[in-house]
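All remarks here apply to the structure that follows.
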Amino acid sequence: ELGPYRHFMQKEIHEQPRALADTIEAIIDAAAFEPALFGKDADDVLREIEGVQILACGTSFYAGSVARYWIEAISGLPCTVEIASEYRYRTAVANPKHLIVTISQSGETLDTMEALKYAKSLGHTRTLSICNVPESAIPRASGLVFYTRAGAEIGVASTKAFTTQLVGLFALAVTLAKLNGRLPPEQEAGYIEDLRQLPGSVQHALNLEPQITSWAEKFTPKHHALFLGRGVHYPIALEGALKLKEISYIHAEAYPAGELKHGPLALVDDAMPVVVIAPKDALLEKVKSNMQEVRARGGELFVFTDADSNFSASEGVHVIRTPRHVGVLSPIVHTIPVQMLAYHTALARGTDVDKPRNLAKSVTVE
Ligand code: F6R
């Protein structure tokens, strides 16, 4: 079953061009950004909503965190995202005109399921599940469903489920924009083209594996790592830190780079590797000045960027560049290097990559 791969996680990382292509094909076959993509009653439901509330756990929560940037920027609807185990136990104020979106690879995560039930008890009637396992509990309890086509995910650390969730969430953002009259035809064609190019861009990122393996050697003896990103790439920094901590057991934290001087900069010294997700976007110059703050304290920088930024490597600054700038879908492409960095660091440390200690694939208990 593993073919040429050593672990399911490695196999699943490499399956991403295929998983994404399958998920994208389902979107484009269904006339791209039409409500029917989310189920037969979706037109009525999505037309009426005035906002979006996303609920999820772990990596799926980070997918929702990327989606918040997309939904507000592309559709103009307000969007909030909350960890399901927090939402379900607080006194929340429901706006039944908001769509509840749960995100779950397994469709069985107890906290996400209970958060959905709680939302319904508060009066929410419009619910959408983004899920990878057909007929699992959460999609069965939801009015609308979008199934990611990642295929079975066996490694405990989520990889291909995350990137395919992002594609489904992007399609949701664009569909909502279309319903709101905010999608000119040339923009729609542009987004379809962006989706068509995505599997190829992800393959290019996978081809960086040898360079990332050499970075992993530098991380192997470390005790701590810091991940930075800004805007839509901040959740990718969070995802990179989660992957590294859960499979290599290196303590890793992620911050929005603008928060550095509000506290975490105190941690930076020459023993602290700092990973920066820094593709070309409107915030690149801001990220560069954050990087100088790290360098000035002796922190070693490991920068993931793309073809359109003008970074160069220097003393204490390592740069890996994806070969194309992919615009709005950039967070998906920049997920690949952080997954591979975690994988190769764990491999070198000899941990049980597919079954990290203390963790279960599907969390059906509290
Ligand atoms: C991390 C990871 C977990 C899951 C979380 C939610 O790599 O896999 O954080 O993302 O347990 O699981 P699902 O998506 O099945 O609800």
Side-chain angles (χ1 to χ4, degrees), residues 7-13 15-16 19 23 54-67 81-88 100-119 127-142 145-169 227 235-250 252-254 335-336 338-343 345-346 351-366:
H7 295 95
F8 282 105
M9 183 182 179
Q10 188 191 24
K11 176 170 180 264
E12 289 161 4
I13 288 172
E15 278 172 354
Q16 287 176 108
T23 306
I54 300 175
L55 302 169
C57 302
T59 286
S60 296
F61 170 73
Y62 297 146
S65 305
V66 172
V81 49
E82 188 164 350
I83 289 177
S85 59
E86 285 295 309
Y87 178 83
R88 66 176 282 208
I100 296 289
V101 178
T102 53
I103 308 169
S104 177
Q105 186 285 128
S106 61
E108 304 288 347
T109 299
L110 183 76
D111 280 322
T112 307
M113 182 68 189
E114 291 301 320
L116 173 61
K117 285 188 191 158
Y118 177 53
T127 57
L128 164 66
S129 153
I130 309 271
C131 185
N132 193 44
V133 179
E135 294 308 312
S136 52
I138 295 170
R140 275 196 278 114
S142 304
V145 181
F146 178 88
Y147 284 116
T148 48
R149 304 227 181 150
E153 192 180 65
I154 293 164
V156 162
S158 185
T159 53
K160 60 181 181 170
F162 177 71
T163 48
T164 55
Q165 285 166 350
L166 287 176
V167 163
L169 290 160
F227 285 68
I236 305 308
L238 288 163
E239 172 62 1
L242 178 62
K243 288 291 97 107
L244 189 68
K245 75 184 101 178
E246 74 179 320
I247 62 165
S248 79
Y249 315 148
I250 292 174
E253 283 198 63
T335 300
I336 311 305
V338 298
Q339 293 171 343
M340 292 195 293
L341 179 63
Y343 175 74
T345 304
T351 52
D352 188 350
V353 171
D354 282 336
K355 286 196 171 54
R357 66 186 183 200
N358 313 338
L359 299 178
K361 179 67 184 160
S362 187
V363 186
T364 53
V365 293
E366 266 200 75

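The model shown is predicted, which means the values in this text are computed figures rather than measured ones. Excluded from the calculations below are hydrogen atoms, water molecules and symmetry mates; all remaining heavy atoms, backbone and side chain alike, are included. One-based numbering, in listed order, for ligands and for the atoms of each.
Taking the six-membered ring for Trp, F162 and Y62 have ring centres at least 6.0 Å apart.
Using modelled atom types, one side-chain atom of E12 and one backbone atom of I154 make a donor-acceptor pair closer than 3.5 Å. Looking at D111, its side chain never comes within 3.5 Å of a backbone N or O of E366 through a donor-acceptor pair.
By the 6.0 Å contact criterion, CZ on R149 is open, its count of non-hydrogen atoms from other residues, nucleotides or ligands being 12 or less.
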List ligand 1's nitrogen or oxygen atoms that come under 3.5 Å of a protein nitrogen or oxygen, with the partner atom and distance.
unit_1, atom_1, unit_2, atom_2, d
ligand 1, 7 (O), T59, OG1, 3.4
ligand 1, 7 (O), S158, N, 3.0
ligand 1, 7 (O), K243, NZ, 2.9
ligand 1, 7 (O), E246, OE1, 3.4
ligand 1, 7 (O), E246, OE2, 2.4
ligand 1, 8 (O), V156, O, 3.2
ligand 1, 8 (O), S158, N, 3.3
ligand 1, 9 (O), T59, N, 3.2
ligand 1, 10 (O), T59, N, 3.1
ligand 1, 14 (O), S60, OG, 2.6
ligand 1, 14 (O), Q105, N, 2.6
ligand 1, 15 (O), S104, OG, 3.4
ligand 1, 15 (O), Q105, N, 3.4
ligand 1, 15 (O), S106, N, 2.8
ligand 1, 15 (O), S106, OG, 2.7
ligand 1, 15 (O), T109, OG1, 3.4
ligand 1, 16 (O), S104, OG, 2.6
ligand 1, 16 (O), T109, OG1, 2.5

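T345 pairs in a side chain to side chain contact (heavy atoms under 4.5 Å, CB included) with only one of the listed residues (L244, I247, T351), which is L244.
For the 3.5 Å distance criterion, the side chains of E239 and T59 qualify, holding a donor opposite an acceptor.
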